[in-house]
Structure formats: structure tokens, C-alpha cells
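Below: the structure, in C-alpha cells.
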Number of protein chains: 2
Amino acid sequence: MSPAPAHRDDEAAFLAAYDPRDFPAIALTVDIVVLTLREGRLNVLLVERAGQPFQGQWALPGGFVKAGQEGLDEAAARELAEETGLSAGALRRVHLEQLGSYGEPARDPRMHVVSVAYLAFAPDLPDPRAGGDAARAAWTPVVGPHGGGTGGRNSTERGSADRELAFDHGRILADGLERARAKLEYTPLAAAFLEPEFTIPELRAVYEEIWGQKLHPGNFHRKVLSAPGFVESTGETAERGGSRGGPRARLYRAGDARLLHPALLRPDAEEPDAR
Amino acid sequence: MSPAPAHRDDEAAFLAAYDPRDFPAIALTVDIVVLTLREGRLNVLLVERAGQPFQGQWALPGGFVKAGQEGLDEAAARELAEETGLSAGALRRVHLEQLGSYGEPARDPRMHVVSVAYLAFAPDLPDPRAGGDAARAAWTPVVGPHGGGTGGRNSTERGSADRELAFDHGRILADGLERARAKLEYTPLAAAFLEPEFTIPELRAVYEEIWGQKLHPGNFHRKVLSAPGFVESTGETAERGGSRGGPRARLYRAGDARLLHPALLRPDAEEPDAR
DNA sequence: CTCCGTTGTTCTCAGCTTGAGTATTTCTCA
DNA sequence: TGAGAAATACTCAAGCTGAGAACAACGGAG
């Protein structure tokens, strides 16, 4: 149940007498894992902290929820707009969903700060601008099951940025990456990383980068076209063929499905206890 | 990023001068959707509110997070123990996971209260005791894609309790039920609703009740036994056959898998736009 | 301008999984 | 003691998956 000192007045009188300051303070922030693809590589938006604590370290963009003024989703959308400098129209192309909440008492040395984390998928965005209490903001390549490899499962498991992050943002980022990998399996959200019109090989490149492994072009093509509502044809074809040759691919738009049936399964999922 | 008025002192001095009361207050609670099966029916734990607001209405169990003293998971486990009166040992058999956070400014008329919702799966538990600011506490049958039917997809979609809930707890409950249905597909958590040793028909009954539809006994049996780590045989068989006849079923224990490969798919998933 | 190597798209095919139905045997209940 | 029900095991056709090949359309290097 929610807050309720057991007063017995009628509701109006109760509310008039109510003093929020009676409650011990917990601060509430939203932090956002914004993922995008830049030149085919997965990047996450990070900001350099201008103030204490963790001054000079990199962290996820985010900020306080404005008490009494905005909901969690609104706060996340506002922070996202502020940090990326995007217009409301451009923001509509970004997928934003709640990732989870993090509330260890010691995660922030100042006081008990609970953070509601969000996950965003964006098409290639312009360079961010620093603002607020951020010294700098920058797109940062994500390492992990990624890198240059053909997709082995070695190196840093789970995935992370190539900098040590402030607070518990390293864990939040890892959780966001795992969520992103899972979401590609059963939703058509991979298209959120691309322009409104895209080719199937471009879509395949999104999967390959985020899953960290090559996919069979023919089978991927077949699955995408057979999943109802995943993509719809525009009838057009791309201006040019691939950078290294090959015919021009057909162009598609995202379909109206929200879930994929059947799902596109990763060649070999995780299982913490595989073997 | 997290809270950071841009002071420039060194970190120790900064922390000494820091006053949490400088920040506008948002209250933080945890609310728990505790699901269990009683006599084969899905039930959720509800409490009747003793105080304002929503006095006399039913709500999800929950309460404040103790600022500076406990994390979110800890708070949820504590509330769960308090409301169910369960020992630490019995609680270890309950599955508890974070469901999501709800923070509309107007969801609580007193002030801005953000609730972190948790979802719990429990085996048949004793009747709860009222406590704290709850007048009563009771297991309440869940309606929705359930009921007496053989599993049509009519009546109240999404699922809910048969009482109007306080705050936005109706929505939280609906989200919890949908999460539960999805979790049964790709995790072995259905076993969390049963005793440590159970038969495959009992496991099937869990799926049938939560998904609201009958499953093919033979195919279900085959899938469960072929999914690695789902169940492991005890070598024993049940004391008695089914209540209406039939041979005694073999007993199994939950296996060590955390994810099911391949998943047990529901005969026909949702799709908000499935005509 | 001409090859050569790449790549988009379509097919084929064997192996596996799934859904549905059946057979057999063991119980409970009346 | 007999009828009906349920636990398991099997069978079979249909659909899906992974792997590989075919073929044509393009970009780039000489």
C-alpha cells in the first residue's frame, strides 16, 4: 500500500493538514541509457560530471524528477531532450522505455538517491551538447560482446562502455544492453536505430552489431519478411548498392506490429549456467 | 546523471556541507503484487486501507522505503515478510522481482509518491494477518482471462482483481499479471507456485490457470522434459492418483535452469492489434 | 571501359519441433 | 467390480530452421 499515517479525519481535512516534510527524504532521479549506431558501431551517450561526487568521471545522462510536476516518463523524455538537444519532432522517432529502478542506499555518497533508469533506442543523432551539471557529453562506443570480432563469446562479457562509470551506472548500462539484446528478439524495435526507410541488410547490420555475431543473410531475410507487421515494402529500392558491390536493396518501412511472432532467436542465448 | 549541485570543494568537504532537505520531497514506496494459487485458482494478496486516502478500499500491500537504511529489493522483501507473516526460511521459496516504477504526480492525492512495484510468486501460503496501516489483508481471486471457462479470450481482458483498487494499483496489478504470463513462457518460474516436489500435471495446472487456457497434456509433458534444467526427476511417484482417477504421476524437483530453451509458447499470444 | 569480387534475394533440402490425435495402463469413485 | 479419467508414450503430418547454392546486379580496381 502507499503512504498512510492512520489519521481518521475526512479526506479534505486530512489533506490540508498533511506535511510532506514529515517524511525522511529520498531523492529521485532518472538516468537514461541512450543507444544509437554511429558508423555501424553501437554507442551510448555519456556525460562528464562537472561537480562532486565522481567529479570528472563519466556517467549516464539524467537528472532529478521535478517533484509534483512530472511523471517518470515525462522526466525521462525531458532529460533526453535536454541532453541531446533534439526537437520534439525528432524525439518522436526515439523509442523510450523504463528499464528498472536502482536504490541501494550507498549508491550515491551524498544521500539515499533512487534512480529510475530508462532505455532509449535512437537513429544516428547529432553530437550532443553539454549542459546543466555536465562538463561534456559524448557518444561513446560500447565494448563487450562487440568489438571487431566475428562474434565470439569472449572478452568482457555483458558489455560496457570503455570508461569506468560513476555511481552504479556501469551496472545500469550492462542491464540496458542486455535488455536491448533481448528486445531485438521479440519486438521490431531494431528499426528504431534506422532512418524511416531502410533496407533489410541495414536491419541485419543492427542485429549483428547489437548481438555481436554475424547472421545468415538469406535466413534473416526470410524471417523478417515472414513475420507479420515487422516491415512493409515501400516499392522503392536504395539509391546505390552496397559499398563493396552488390545490387541495390529494396526499401522498407517499419510495420505496425509491436511484438514479433514468431520471435527472431539469437543463435545461442546466454544461460548463466551454459554447460 | 545523478544529483549534483555544482560545488567545487573536495569530496569530503562537500559531503559534510550537504543537506538533503534542500531537495523537494518525493516519497518513495514499494508495492507488491503477490500471486499464489489457492485451490487451483490464481489469487493476489490485498489489504484494506485503514486510513486516508482511499480509506476502506483495497490496495496492494506495500509501504515506505526506509531512507538511507535499505535498498529497494530489501524493502520489498521486508514488506512481503510483514504482510504475509512468513519466516525468513519460508520466504526463500518465494520468487521476488522488480516489476516497474509508477510515478504520475497525481497518483496519490497527498503528495508526489513514486512507487516501485514488485512481483512475487508464492506457493500456497497461510492466510495473511493485517498489520501496520491495513485494516484487513486477504487473498483475493483474480479475474480476467481466467474464471471458470475453458479458456476463451473474452470477458475482462488483461486481468484484474474483483475489487476496485486504490491509487493506480489496478494498473500495477494488470501489469504484474501480464508479466507473470510472459515469465512462464521463458523461465521455469511456474514451479515457484508449487511445493518443492511436484508432478508434471500439477505444473501444467499452473500454466493453465495463469494463461487461462487448457494445454495438450501429452505435448506439455514432452516439452517440459525436453527443456534442459526445467525439472529433474526424484525417482518417486505421487501418493495418490488424480482426484478423479488415473495413475500416480512421477514427482519432480525444479531444475537449475534460469531460462527455458526453447521457450514454452502460449498457444496464441496477445498482439494489441490482433484484430 | 572491363573484369572480379561482393552482395541482395530466392531456392532447396534435411533435421527438428510443434500440434493433434491415439494407444496403453493405472487409478478413483460409485 | 466396472466405468470413466488421467499419466505417459507414440505416431504423423505440417511448419520452421540452419546451411548452402544459385543468380543477377553493382562498385571498384586496373
Side-chain angles (χ1 to χ4, degrees), chain A residues 40 150-151 184-186 194 197-209 211 213-228 230-252 260-269, chain B residues 40 150-151 184-186 194 197-209 211 213-228 230-252 260-269:
Chain A
T150 326
L184 291 204
E185 289 194 83
Y186 60 94
L194 299 172
E197 299 200 345
F198 53 86
T199 67
I200 296 207
E202 284 167 353
L203 190 64
R204 175 160 46 86
V206 174
Y207 277 89
E208 291 182 336
E209 171 64 11
W211 284 354
Q213 56 192 306
K214 292 288 175 211
L215 301 178
H216 181 121
N219 293 342
F220 181 82
H221 205 101
R222 180 180 56 188
K223 283 229 59 165
V224 168
L225 292 186
S226 73
F230 194 173
V231 298
E232 57 187 34
S233 175
T234 65
E236 316 270 299
T237 76
E239 291 291 314
R240 292 178 44 85
S243 58
R244 283 181 300 188
R248 292 183 289 193
R250 299 201 189 107
L251 285 171
Y252 295 84
L260 257 24
H261 279 300
L264 264 82
L265 295 180
R266 292 180 256 188
D268 53 356
Chain B
T150 326
L184 292 204
E185 289 194 82
Y186 60 95
L194 300 172
E197 298 200 345
F198 53 86
T199 67
I200 296 205
E202 285 167 353
L203 190 65
R204 175 160 47 85
V206 175
Y207 277 88
E208 291 182 336
E209 172 63 11
W211 284 353
Q213 56 192 306
K214 292 289 177 211
L215 300 178
H216 182 120
N219 292 342
F220 182 83
H221 204 99
R222 179 180 56 188
K223 283 229 59 166
V224 168
L225 292 186
S226 73
F230 194 172
V231 298
E232 57 188 34
S233 176
T234 65
E236 316 270 299
T237 75
E239 291 291 313
R240 294 177 42 84
S243 57
R244 283 179 299 187
R248 292 183 289 195
R250 299 197 190 112
L251 284 170
Y252 295 85
L260 256 25
H261 279 299
L264 263 82
L265 295 180
R266 290 180 258 188
D268 53 356

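Letters go in sequence order (proteins before strands), and every chain restarts at 1.
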## Note on the structure
Across all chains, not counting sequence neighbours, the side chain to side chain contact (heavy atoms under 4.5 Å, CB included) partners of A/A249 are A/T199, A/P201

### Pairs satisfying salt bridge (Lys or Arg N to Asp or Glu O under 4.0 Å), at least one member in residues 231-243 of chain A, at least two apart
A/E232-A/R253

### Task
Tell me, please, which residues at least two apart from B/L265 pass side chain to side chain contact (heavy atoms under 4.5 Å, CB included).
B/E185, B/A263

### Query
Is the shortest heavy-atom distance from the side chain of A/L203 to the side chain of A/Y252 under 4.5 Å?
no

### Query
When all nucleic acid strands are considered with a 4.0 Å heavy-atom cut-off, which category describes A/H216: base, sugar-phosphate, or nothing?
base

### Query
With sugar-phosphate meaning primed atoms plus P, OP1 and OP2, does B/S226 contact a base, only sugar-phosphate, or nothing at under 4.0 Å between heavy atoms?
nothing

### Query
Across the strands shown, which category fits A/R222 at heavy-atom distances under 4.0 angstrom: base, sugar-phosphate, nothing?
base

#### Entry: Atom of A/G218, atom of A/H216 and distance for their closest heavy-atom approach
N-CD2, 3.1 Å

### 4.5 Å side-chain heavy-atom contact, B/P267 and B/L215
yes

### Task
Tell me which of A/N219 and A/G245 sits closer to the 5' end of DNA chain C, going by the nucleotide each one is nearest to.
A/G245

### Task
Shoot me the first and last contacting nucleotide of DNA chain C against chain B, ordered 5' to 3', at under 4.0 angstrom to non-hydrogen atoms.
C/dT18 to C/dC29

### Query
Would a 4.5 Å heavy-atom cut-off, applied to side chains only, mark B/L264 and B/F230 as touching?
yes

### Task
Kindly write out the residues that satisfy salt bridge (Lys or Arg N to Asp or Glu O under 4.0 Å) with A/R204, not counting sequence neighbours, or none if the list is empty.
A/E208

### Task
List for me each residue that meets side-chain hydrogen bond (donor to acceptor under 3.5 Å, both in side chains) alongside A/R248, sequence neighbours excluded, and say none if there are none.
none

### Summary
Shortest non-hydrogen pair, B/V224 vs B/I200, comes out as CG1-CD1, 4.0 Å

### Query
Do any of residues 197-207 of chain B sit with a heavy atom less than 4.0 Å from DNA chain C, and if so which?
none

### Summary
When A/G246 and B/H221 are each assigned the nearest nucleotide of DNA chain D, the 5'-most assignment goes to B/H221

### Query
On DNA chain D, which is the earliest and which the latest nucleotide, 5' to 3', with an atom closer than 4.0 Å to a heavy atom of chain A?
D/dT17 to D/dG28

### Message
Restricting to ring pair (Phe, Tyr, Trp, His ring centres under 6.0 Å), what partner residues turn up for B/F220, sequence neighbours left out?
### Response
B/Y207

### Task
Find which nucleotide of DNA chain C each of A/R244 and A/G218 is nearest to by heavy atoms, and output the residue with the more 5' nucleotide.
A/R244

